[in-house]
Amino acid sequence: MSIPTDNEWMAHALQLAERGRLTVAPNPLVGCVLVKNNALIGEGWHQRAGEPHAEVYALRAAGTAARGATAYVTLEPCSHHGRTPPCADALVGAGVARVVTAMQDPNPLVAGQGIARLQTAGIAVEFGLMEAAARELNIGFVSRMTRGLPFVRSKIAASLDGRTALANGTSKWITGAAARLDVQHWRARSCAILTGIGTVLADDPRLDVRIETERQPLRVVLDSNLRISPAARVLQDGGTLIYTAVTDEGKRAALQAVGAEVVMLPAVGGRVDLAAVLRDLAQRGINEVLVEAGKTLNGALLRAALVNELVLYLAPQFLGDAAHGLADMGELTQLDQRVELQWRDVRHVGGDLRITVRIGHV
């Protein structure tokens, strides 16, 4: 029987961290494994925001056996007092001998201080093991901490010739039931779902998660001129955030009466400043945003270089040149104006094809 390697223990910690995907936001996903004499003695993951961190659960499971053990942690142990005590202090107090962490915490409140606290206590610290996987696990949190912006993922359902709706606006349904169910998982992992007023007026979507989940993402509507009706389905159950560029106290009061929050931001070209929207969402603790919109908003976000990833569901059909396109990019006159994409994943989802592409680096 082979002895597990550091990589295998860290891979297990990363798998544990993933279990908190739908519940820990705005916190990062973290997993921890405690090993002694090549045997697992404790494990844990951050389960919900405000509750104990991964290290605490692992230490509780290990008890006194943690003394002299190695801790594999997917993110640098925290060193500050937030809603829970510092995990670095907990590891020191338990007497662990070695800590292997995948990456430094990008949160300025930690950012190397947790590692320094461990080293000062005489604990051997190694970091950088499987860092790429750890960063991908928390890509939204990393984006918010390092850029002041959430990670923006745009979901688009289209025909094989890149059309999202007929010329008359009909779009239900281009893709099949399996693809639509798959979208629910993207919604569930997102902190917010963002759409434009055009989509609200055309489709009257709910934009909620329709699979089992402990939380619903924040619903966000960009409505520069406050055209939304208080009866819109996206406003039902309250808590929807509307960004606008106009001051209309009558409309604001009507929307607030159904539980919506209306935020006025500066206009750029007559429309709400998209970068200002994303900065505000980041300040609200939003790590990942899922955009479900039409060609106007998708095009505006792409032109402003504010989209990080596209998830395209392509149906095996053609809708023709008169149908609506994926994104209104305007006319490009030179090839260096194009948007460069990086392939991430291609797979069948039911009878459709799901293509995931990344734009730039986060």
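- Other residues, nucleotides and ligands contribute more than 12 heavy atoms inside 6.0 Å of the CG atom of Asn168.
- Arg60 pairs by the side-chain hydrogen bond (donor to acceptor under 3.5 Å, both in side chains) definition with nothing, not counting sequence neighbours.
- Between the side chains of Tyr243 and Asp280, at least one donor N or O sits under 3.5 Å from an acceptor N or O.
- Cluster annotation: Val277 is not connected to Leu226 through the hydrophobic network of ILVMFWY side chains, with a link wherever side-chain heavy atoms come within less than 4.5 Å.
- In this structure, the side chains of Glu126 and Thr101 stay at 4.5 Å or more apart for every pair of heavy atoms.
- At least one donor-acceptor pair closer than 3.5 Å links the side chain of Arg180 to the backbone N or O of Thr175.
- Under the 3.5 Å distance criterion, with hydrogens and angles disregarded, a donor-acceptor pair is assigned to the side chains of His12 and Glu43.
- Between Arg187 and Asp182 no salt bridge is recorded (no basic side-chain N to carboxylate O distance below 4.0 Å).
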Report task. Apply salt bridge (charged side-chain N to carboxylate O under 4.0 Å, His left out) to Asp345 and Arg347, showing your working. Result -> CA-CA 7 Å; Asp345 183 72; Arg347 67 182 65 190; 2.7 Å; yes
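- In this structure, Leu166 is a member of the same hydrophobic cluster as Ile174, with clusters built from ILVMFWY side-chain heavy atoms closer than 4.5 Å.
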Query raised in the report: Going through the checks in order, is the salt bridge (charged side-chain N to carboxylate O under 4.0 Å, His left out) test met by Arg219 and Asp208?
Result: CA-CA 8 Å; Arg219 293 175 292 181; Asp208 56 352; 5.5 Å; no
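- Checked by atom type and distance alone, the side chain of Glu288 never pairs as donor or acceptor with a backbone atom of Val152 at under 3.5 Å.
- Remark: Glu214 pairs with Arg48 by the salt bridge (charged side-chain N to carboxylate O under 4.0 Å, His left out) rule, at least two apart or across chains.
- Partners of Arg271 under the side-chain hydrogen bond (donor to acceptor under 3.5 Å, both in side chains) rule, at least two apart in sequence or in another chain, do not exist in this structure.
- Side-chain contact between Val311 and Arg153: present, with at least one pair of heavy atoms (C-beta onward) separated by less than 4.5 Å.
- Taking the side chain as every heavy atom from C-beta outward, Leu16 and Arg19 approach each other to under 4.5 Å.
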**Report entry** Test log, rule salt bridge (charged side-chain N to carboxylate O under 4.0 Å, His left out), inputs Arg284 and Glu261
**Finding:** CA-CA 13 Å; Arg284 294 168 182 263; Glu261 179 182 356; 2.9 Å; yes
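- Counting only distance, with no hydrogens or angles, the side chain of Gln337 and the backbone of Gln334 share a donor-acceptor pair below 3.5 Å.
- Using modelled atom types, one side-chain atom of Glu76 and one backbone atom of Gln113 make a donor-acceptor pair closer than 3.5 Å.
- One N or O on the side chain of Thr195 and one on the backbone of Glu292 form a donor-acceptor pair closer than 3.5 Å.
- Remark: the backbone N or O of Arg227 is paired with a side-chain donor or acceptor of Asp223 at under 3.5 angstrom.
- If you check the side chains of Arg163 and Ser159, you find no donor sitting under 3.5 Å from an acceptor.
- For the pair Tyr72 and Val35, the minimum side-chain heavy-atom distance is below 4.5 Å.
- Side-chain contact check for Val357 versus Glu309: every heavy-atom pair is 4.5 Å or farther apart.
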